[in-house]
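Here's the structure we're looking at; comments come further down.
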Amino acid sequence: MSLGSDGGGGAAAAARSREGSPGKDGFAPSALGTREHWDAVYQRELQTFQEYGDAGEIWFGEESMNRLIRWMEKQKIPLDASILDIGTGNGVFLVELAKFGFSNITGIDYSPSAIQLSGSIIEREGLSNIKLKVEDFLNLSTKLSGFHICIDKGTFDAISLNPDNAIEKRKQYVKSLSRALKIKGFFLITSCNWTKEELLNEFSEEFELCEELPTPKFSFGGRSGNSVAALVFQK
């Protein structure tokens, strides 16, 4: 998925719509939670890339990628650690990981057009050590398991907006994540829909919070907060 920068631009289009109090499941269903929407988005982006060479925007902006890579560098994550990018979109984050030196990277997306776009961008960059697969994370292949790190920038947000029983889909997401990660593996999530406390409620039964990463703050009407939440969990 590939929208604007932290807290602005296209990312705001995926921001939550609450019908109830912040503590309740009150997401308004949205086309942003459907496969049809993202298939159409990436068909357009693929055509744009083929015609103009434009790779498209980056979900949550470049800083969101740098933030995660800085954390991995700080934690001395081995460069051969297995990394899964969940909902890789145009694959730009895979490119950045490879350029940093990571050599065991996999990107998945349920949109074939997204994977085709990712492959085209990766080929243009001259990279050959990135694996791409058309996969629905909620129905994950048993072969995709044992990852040292799983990364999500916006995919859980989109699932939360699915018009078809989003609550059950979120539960299935957690189950798939638990299968994908190895014991002591890390899950890095960036969200514009969920607060830190809400993400803890979603993931704390299976995972332990390790760290909250610093993200841009905003002030409005005398109140301040973070435009996105970025958390690191460990299995």
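Side chains are part of it too, since the values below use all heavy atoms of this structure and drop only hydrogens, waters and symmetry mates. As the structure is a prediction and not an experimental result, all values here were calculated from the model.
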SB check Glu63 Arg70 (cutoff 4.0 Å):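 Salt bridge present between Glu63 and Arg70.
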
Taking every non-hydrogen atom, the tightest pair across [X] and [Y]:
X      : Y      : result
Ile105 : Leu97  : CD1-CB, 3.8 Å
Lys184 : Gln234 : O-NE2, 2.8 Å
Thr215 : Ala230 : CG2-CB, 3.6 Å
Ser118 : Gly91  : OG-N, 3.3 Å

Could you state the interatomic distance from [atom1] ([X]) to [atom2] ([Y]), rounded to the nearest 0.5 Å?
X      : Y      : atom1 : atom2 : value
Ile189 : Lys153 : CD1   : NZ    : 12.0 Å
Thr88  : Glu135 : OG1   : CD    : 13.0 Å
Asp136 : Ser176 : CG    : OG    : 8.0 Å
Ser120 : Asn90  : OG    : CG    : 11.0 Å
Phe233 : Leu200 : CZ    : CG    : 5.0 Å
Lys169 : Ser160 : NZ    : OG    : 11.5 Å

Validation row: [X], [Y] side chains within 4.5 angstrom (heavy atoms):
X      : Y      : value
Glu96  : Ile69  : yes
Ser141 : Lys133 : no
Leu94  : Leu127 : no
Tyr173 : Asp152 : yes
Phe186 : Ile77  : yes
Gln47  : Arg44  : no

Candidate pair Phe207 and Ser178, rule side chain to side chain contact (heavy atoms under 4.5 Å, CB included), full reasoning: CA-CA 8 Å; Phe207 306 93; Ser178 184; 4.1 Å; yes

Is it true that atom [atom1] of [X] has more than 12 heavy atoms of other residues, nucleotides or ligands lying nearer than 6.0 Å?
X      : atom1 : result
Lys175 : NZ    : no
Gln75  : CD    : yes
Glu123 : CD    : no

Could you tell me whether a side-chain N or O of [X] sits under 3.5 Å from a main-chain N or O of [Y], the two making a donor and an acceptor?
X      : Y      : value
Arg67  : Pro214 : yes
Asp157 : Ser191 : no
Gln43  : Ser113 : no
Thr106 : Leu84  : no

Asp39 side chain to Ser111 side chain, donor-acceptor N/O pair below 3.5 angstrom: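 Judged by distance alone, the side chains do pair up.
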
Phe187 vs Leu177, side chain to side chain contact (heavy atoms under 4.5 Å, CB included): CA-CA, chis, key distance, verdict: CA-CA 8 Å; Phe187 173 50; Leu177 179 63; 3.4 Å; yes

Evaluation steps, side chain to side chain contact (heavy atoms under 4.5 Å, CB included), between Trp194 and Asn201: CA-CA 10 Å; Trp194 298 86; Asn201 287 336; over 6 Å; no

